[in-house]
Amino acid sequence: DVQLVESGGGSVQAGGSLRLSCAVSVSSANDYCLGWFRQASGKEREWVGSLDSDGRINYADSVKGRFTISRDKAENTLRLQMNSLQPEDTAMYYCGVDTGAPPENLDEWVQWIDSWGQGTQVTVSS
């Protein structure tokens with residue numbers, strides 16, 4: 001069984017920051033990978049960043065240097081610290097879990113995600 005619950009979204013002005021959290025509960029697998037994804041209105045869901053079962057973190061080029069993924073093991077929470085937000089970051093943000101190995105091209109990972117949270121809206125105004 002998998003439960004993912006995102007929180008922390010909101011509205012900020014360009015240049016501002018937000019921290020998203022995803023409460024993670026996975027009882028159906030011992031090893032899994034976690035990722036952050038986003039979907040802007042009228043666009044396809046895209047990969048933002050990932051944390052694999054070995055602790056490796058990767059980011060999409062569009063957020064590299066501005067977003068930081070971390071995991072609080074004590075609270076079993078995945079976090080996404082977002083700095084220097086821009087209007088193009090406006091989207092619904094989702095966390096996802098993959099109980100298999102992510103593809104080599106992480107831009108394709110969205111189609112392999114096993115479970116999704118309900119999402120949290122981030123709106124950045126100029």
Membership question, hydrophobic clusters at under 4.5 Å side-chain separation (ILVMFWY): are [Y] and [X] in the same one?
| X | Y | result |
| --- | --- | --- |
| Leu20 | Trp116 | no |
| Trp47 | Met82 | no |
| Met92 | Val110 | yes |
| Phe37 | Leu34 | no |
| Tyr59 | Ile113 | no |

Is a donor on one side and an acceptor on the other found under 3.5 Å between the side chain of [X] and the backbone of [Y]?
| X | Y | result |
| --- | --- | --- |
| Glu6 | Gln118 | yes |
| Thr90 | Val124 | yes |
| Asp52 | Asp54 | yes |

Inset, instruction - List in chain and number order the residues that pass ring-ring contact (aromatic ring centres under 6.0 Å, His included) with Trp112, two or more places apart in sequence or in another chain; answer none if no residue qualifies. - result: none
Closest heavy-atom contact between [X] and [Y]?
| X | Y | result |
| --- | --- | --- |
| Leu85 | Arg66 | CA-NH1, 3.9 Å |
| Asp31 | Ser53 | CB-CB, 4.3 Å |
| Ile69 | Ile57 | O-CD1, 3.4 Å |
| Leu18 | Gly8 | CD2-O, 4.0 Å |
| Gly49 | Trp109 | O-CZ3, 4.4 Å |
| Lys64 | Asp61 | NZ-OD1, 3.1 Å |

Inset, instruction - Give a yes or no on whether the ring-centroid distance for Phe67 and Trp36 is below 6.0 angstrom. - result: no
Inset, instruction - Begin with the C-alpha distance, continue with both residues' side-chain angles, and end with the deciding distance and a verdict on side-chain contact (heavy atoms from CB on, under 4.5 Å) for Val24 and Tyr32. - result: CA-CA 11 Å; Val24 178; Tyr32 50 88; 4.1 Å; yes
Inset, instruction - Supply the atom-to-atom distance Asn58 CG to Leu106 CG, rounded to the nearest 0.5 angstrom. - result: 5.5 Å
Inset, instruction - With rounding to the nearest 0.5 Å, note down the distance linking OG1 in Thr123 to CG in Asp89. - result: 11.0 Å
Inset, instruction - Check each of Gln39, Gln121, Arg38 against Tyr93 using the side-chain hydrogen bond (donor to acceptor under 3.5 Å, both in side chains) test, and report the only one that passes. - result: Arg38
Inset, instruction - Give the C-alpha distance, both sets of side-chain angles, the deciding distance and a yes or no for side-chain contact (heavy atoms from CB on, under 4.5 Å) between Tyr94 and Leu4. - result: CA-CA 9 Å; Tyr94 300 88; Leu4 304 170; over 6 Å; no
Legend entry - Asn105 atom CG: more than 12 heavy-atom contacts under 6.0 Å: yes
Inset, instruction - Mark yes when over 12 heavy atoms from residues, nucleotides or ligands other than Glu104 sit less than 6.0 Å from its CD; otherwise mark no. - result: no
Inset, instruction - Begin with the C-alpha distance, continue with both residues' side-chain angles, and end with the deciding distance and a verdict on side-chain contact (heavy atoms from CB on, under 4.5 Å) for Asp107 and Glu46. - result: CA-CA 7 Å; Asp107 289 324; Glu46 65 177 4; over 6 Å; no
Inset, instruction - Decide whether Asp1 and Gln3 meet the rule of one side-chain donor and one side-chain acceptor closer than 3.5 Å. - result: no
Inset, instruction - Output every pair passing disulfide (SG to SG under 2.5 Å) with a member in residues 15-70, not counting sequence neighbours, ordered by first then second residue. - result: Cys22-Cys95
Inset, instruction - List the steps, then state whether side-chain contact (heavy atoms from CB on, under 4.5 Å) holds for Leu78 with Leu51. - result: CA-CA 9 Å; Leu78 182 72; Leu51 171 66; 3.9 Å; yes
